[in-house]
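Taking it in order: structure first as structure tokens, then the write-up.
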Amino acid sequence: NAGVTQTPKFQVLKTGQSMTLQCAQDMNHEYMSWYRQDPGMGLRLIHYSVGAGITDQGEVPNGYNVSRSTTEDFPLRLLSAAPSQTSVYFCASGRQAFSTDTQYFGPGTRLTVL
Amino acid sequence: GDSVTQMEGPVTLSEEAFLTINCTYTATGYPSLFWYVQYPGEGLQLLLKATKADDKGSNKGFEATYRKETTSFHLEKGSVQVSDSAVYFCALSEAGTSGSRLTFGEGTQLTVNP
């Protein structure tokens, strides 16, 4: 199993550009989520999904959209990039949406917005 | 809301020293508690977890005990190695409508010198 994969690994955008961060998992996990990691702030939840066709907002959803058309994929879209979205983005998946479940993280995408 | 507080870093130790990283939490219910580790350039991976009070999680020589009376989940290792150099995150997950949403502490950078 490849686990959780993310592309690209690095990306530089100009303010106002749009892009999609890709996330895929091959573990047949129902639960998937996106976090951003900023220095001194740990990781903060952006959006999450408890199954195909179901998404919801996390702690910091503004400026981001998601969709979940398949169990495997959970892309994150930046509609109009801003410098405040410069961060490292992690996708995670878990077997089910239970609080006791382990979540598995991808290697991350480092995004810089100029 | 839920929150996690970790001891401030960075922490620098010599090989074979004893490690403690403090973690305390605030939660409204009965959370599950986790320690995740992030090695340089990689995503987060689960180190250990505990899902109810008085449980002890352990892995790779690391231990943490879920103390409900002190709302703590301190990470310990008796003898650290250079390969333990990484960022350590304490996190909690509480059952609710957002599934297995993780709330993270700020992270503690550990450097172990030979």
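Chain letters run A, B, ... following the sequence lines, proteins first, then strands; residues in each count from 1. Hydrogens, waters and symmetry mates play no part in the numbers below; they use all other heavy atoms, side chains included.
- Heavy-atom distances place no part of B:Q6 under 4.5 Å from chain A, backbone and side chain included.
- Put simply, B:F73 and B:L110 are part of the same group of oily side chains (I, L, V, M, F, W, Y) that touch within less than 4.5 Å, one to the next.
- Between A:F105 atom CZ and B:L102 atom CG the span is 5.5 Å, to the nearest 0.5 Å.
- The environment of B:E16 atom CD is sparse: at most 12 non-hydrogen atoms of other residues, nucleotides or ligands sit within 6.0 angstrom.
- Note on A:M41 and A:F90: separate hydrophobic clusters, where clusters join Ile, Leu, Val, Met, Phe, Trp and Tyr whose side-chain heavy atoms are under 4.5 Å apart, directly or indirectly.
- Taking CD of A:Q103 as the start and CZ of B:R101 as the end, the distance is 11.5 Å to the nearest 0.5 Å.
- Ranking A:G108, A:G42, A:G58 against chain B, the residue ahead of the rest is A:G42, based on heavy-atom pairs under 4.5 Å.
- Of all the listed residues (A:V88, A:L43, A:D38), the one sharing the greatest number of non-hydrogen pairs under 4.5 Å with chain B is A:L43.
- Of the residues considered (A:R44, A:Q37, A:R110), A:Q37 shows the highest number of contacts with chain B, using heavy-atom pairs under 4.5 Å.
- Linking Ile, Leu, Val, Met, Phe, Trp and Tyr whenever their side-chain heavy atoms come within less than 4.5 Å leaves B:V87 and B:W35 in two separate clusters.
- Within the 4.5 angstrom heavy-atom criterion, atoms from both the backbone and the side chain of A:T102 approach chain B.
- No continuous path of hydrophobic side-chain contacts links B:F34 to B:L19 [ILVMFWY only; heavy atoms under 4.5 Å].
- Proximity to chain B is absent for every atom of A:Y104, based on heavy atoms less than 4.5 angstrom apart.
- Here B:L46 contributes atom CG and A:D101 contributes atom CG; the two are 11.0 Å apart, rounded to the nearest 0.5 Å.
- Transitive grouping of hydrophobic side chains (ILVMFWY, heavy atoms separated by less than 4.5 Å) keeps A:Y89 and B:Y36 in distinct clusters.
- Per-residue counts of heavy-atom pairs under 4.5 Å with chain A were compared for B:L33, B:L92, B:L44; the largest is that of B:L44.
- Of the two parts of B:E42, only the backbone, made up of N, CA, C and O, holds a non-hydrogen atom closer than 4.5 Å to a non-hydrogen atom of chain A.
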